[in-house]
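This structure is a prediction, so every number in the text was calculated from the model and none was measured. In this chain, numbering begins with 1 at the start of the sequence shown.
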Amino acid sequence: MTNTTSTTEPVIGGAAGAATPAPDVSGATGARRASRQGGDGRKRRRQVWGVMSTREKVIRYVLLVVVLFITIGPFLWQLSTSLKGAGEDIYTANPSFIPTQPTIENYLKVAAAIPVWRYIGNSLLVAAIDVFGNIVFATLAGFALARLQWRFRKAVLGLFLATLVLPGEATIISQFVTVKDLGLADNLVGVALPGMIAALNVLLMFNAFRQIPEEIDQAAVMDGANAMQRLRYISLPAVQGTIAVIAIFSFIGAWDDFLWPLIVLQSPENLTLTVGLQYLQGTFATDQRMIAAGTMIAFIPIAVIFAVLQRFFFKGVEEGGVKG
């Protein structure tokens, strides 16, 4: 029995050649057209998102000028008023922003009218105690809440969150009674004591410590590190920016506080600067130049502290990773 094998030879030309499918030229052309359209679309998107138009630039700069005018305008006006001489009329309908007779005599009058240097020293002492207390205790509390495991940890965290809802005036009477019972009334330590640890600062440190991967702590535990060693060598280097934020917030809060020092302090020599400057408001109510000079004196330390720590401040605002 003979096996026959049929082979199909390619047919060139003829009817069979006409039946051979032709290449899809329209499909390739459409693909190229779609590719070009996609490339043009990406280019347009890059132009939209990467480069601002002239209109967008104008709108942004106008908004920036408006914000600067609202925020920095009053400060610059106070600075201008504090430098104006006695011969300039500051109550005219069209006052001059730039002093025509600039002088520092108003600052010298403030120093002669009240013991401003003593008040500055008192405020610096209170602020230093508060900054130190918040850096130490808020750091320890935040580390304990974020990195250690213990009973009622979530309940304590909830209490810290709850205290943020209460205004300071709601607890000011109980704070005064506590300070008085401790014998710290009319004392700068009594002024600084309630602000030595703030719930907001504890939560800031808790959030900063929580961003550190737990695997690093677990590796340190496997190597035999205790809690304080993990805090010192692993956690603290990663949260330096947040510590700077806490330092700035604590200093500004202690330096600008007016109500609490007014309640606690009675002796004129123990007054802080914000309370002592009120003597200018009462004695020299008609001389706004001296009041403006006193305001600038109170502002200068805050500006210096922020200028020194601003690099760490902006790093702390967006802090969240481990520094390598």
Side-chain angles (χ1 to χ4, degrees), residues 126-172 174-175 177-179 181-182 184 189-254 257 260 305 309-324:
V126 173
I129 295 175
D130 280 356
V131 169
F132 177 80
N134 277 278
I135 289 178
V136 174
F137 298 119
T139 300
L140 294 175
F143 179 79
L145 290 171
R147 313 305 296 180
L148 303 181
Q149 299 296 328
W150 43 282
R151 295 182 63 185
F152 309 115
R153 181 171 65 93
K154 293 184 178 180
V156 173
L157 179 60
L159 290 176
F160 275 107
L161 290 171
T163 56
L164 297 178
V165 182
L166 293 175
E169 291 77 7
T171 58
I172 199 168
S174 60
Q175 288 179 356
V177 173
T178 303
V179 169
D181 292 341
L182 292 174
L184 297 176
V189 177
V191 176
L193 184 61
M196 287 184 66
I197 179 170
L200 177 61
N201 294 335
V202 173
L203 295 177
L204 287 175
M205 294 305 302
F206 164 76
N207 184 68
F209 285 126
R210 193 176 56 173
Q211 304 302 320
I212 303 174
E214 294 184 0
E215 291 79 6
I216 298 179
D217 267 5
Q218 294 173 0
V221 171
M222 293 295 293
D223 291 337
N226 56 33
M228 293 304 298
Q229 289 173 335
R230 300 201 308 270
L231 172 63
R232 179 181 177 183
Y233 296 108
I234 297 176
S235 299
L236 283 183
V239 297
Q240 292 179 357
T242 306
I243 292 176
V245 173
I246 288 176
I248 293 175
F249 284 170
S250 302
F251 183 88
I252 293 176
D257 193 11
W260 177 245
I305 291 295
L309 298 178
Q310 64 172 339
R311 177 168 61 94
F312 303 99
F313 176 81
F314 291 111
K315 182 176 69 173
V317 171
E318 55 186 16
E319 192 160 46
V322 179
K323 281 67 177 176

Item checked: Shortest non-hydrogen separation from I212 to A238 and the atoms involved -> CD1-CB, 3.9 Å
Notebook entry, point to check: Which is it for L182 and L193 under the side-chain contact (heavy atoms from CB on, under 4.5 Å) test, yes or no, and what are the steps along the way?
Noted result: CA-CA 11 Å; L182 292 174; L193 184 61; 3.9 Å; yes
Next item on the list: Check side-chain hydrogen bond (donor to acceptor under 3.5 Å, both in side chains) between R210 and all other residues, then give those that pass, not counting sequence neighbours.
Entry: N207
Check: Out of curiosity, F137 CZ to M205 CE, how far, rounded to the nearest 0.5 Å?
Finding: 14.0 Å
Margin query: Tell me the closest heavy-atom pair linking A192 and D130, and the distance in Å.
Written below: O-OD1, 2.6 Å
Notebook entry, point to check: Which heavy atom of A127 sits nearest a heavy atom of A254, and at what distance?
Noted result: CA-CB, 3.7 Å
Next item on the list: Quick one: which residue pairs count as a side chain to side chain donor-acceptor pair (under 3.5 Å) with a foot in residues 221-235, not counting sequence neighbours?
Entry: none
Checklist line | Step-by-step side-chain contact (heavy atoms from CB on, under 4.5 Å) determination, T242 to F209 | finding: CA-CA 10 Å; T242 306; F209 285 126; over 6 Å; no
Notebook entry, point to check: Taking only residues at least two apart or on different chains, which pairs with a member in residues 136-151 satisfy side chain to side chain donor-acceptor pair (under 3.5 Å)?
Noted result: R147-D217
Margin query: Treating W260 as the side-chain partner and V191 as the backbone partner, does any N or O pair qualify as donor plus acceptor under 3.5 Å?
Written below: yes
Item checked: Where A220 and I234 come nearest, the two heavy atoms and their spacing -> CB-CD1, 3.4 Å
Residues 152-165, side-chain donor-acceptor partners within the protein, below 3.5 Å, at least two apart:
| residue | atom | partner | partner atom | Å |
| --- | --- | --- | --- | --- |
| R153 | NH1 | L145 | O | 2.6 |
| T163 | OG1 | F160 | O | 2.6 |

Next item on the list: Please identify each residue that fulfils side-chain hydrogen bond (donor to acceptor under 3.5 Å, both in side chains) with N201, with sequence neighbours left out.
Entry: N134, S250
Note to self: Taking ring pair (Phe, Tyr, Trp, His ring centres under 6.0 Å) as the definition, give me every residue that meets it alongside F206, ordered by chain and number, with sequence neighbours left out.
What the structure shows: none
Notebook entry, point to check: Do you know which two heavy atoms are closest between I135 and A247, and how far apart they sit?
Noted result: CD1-CB, 4.1 Å
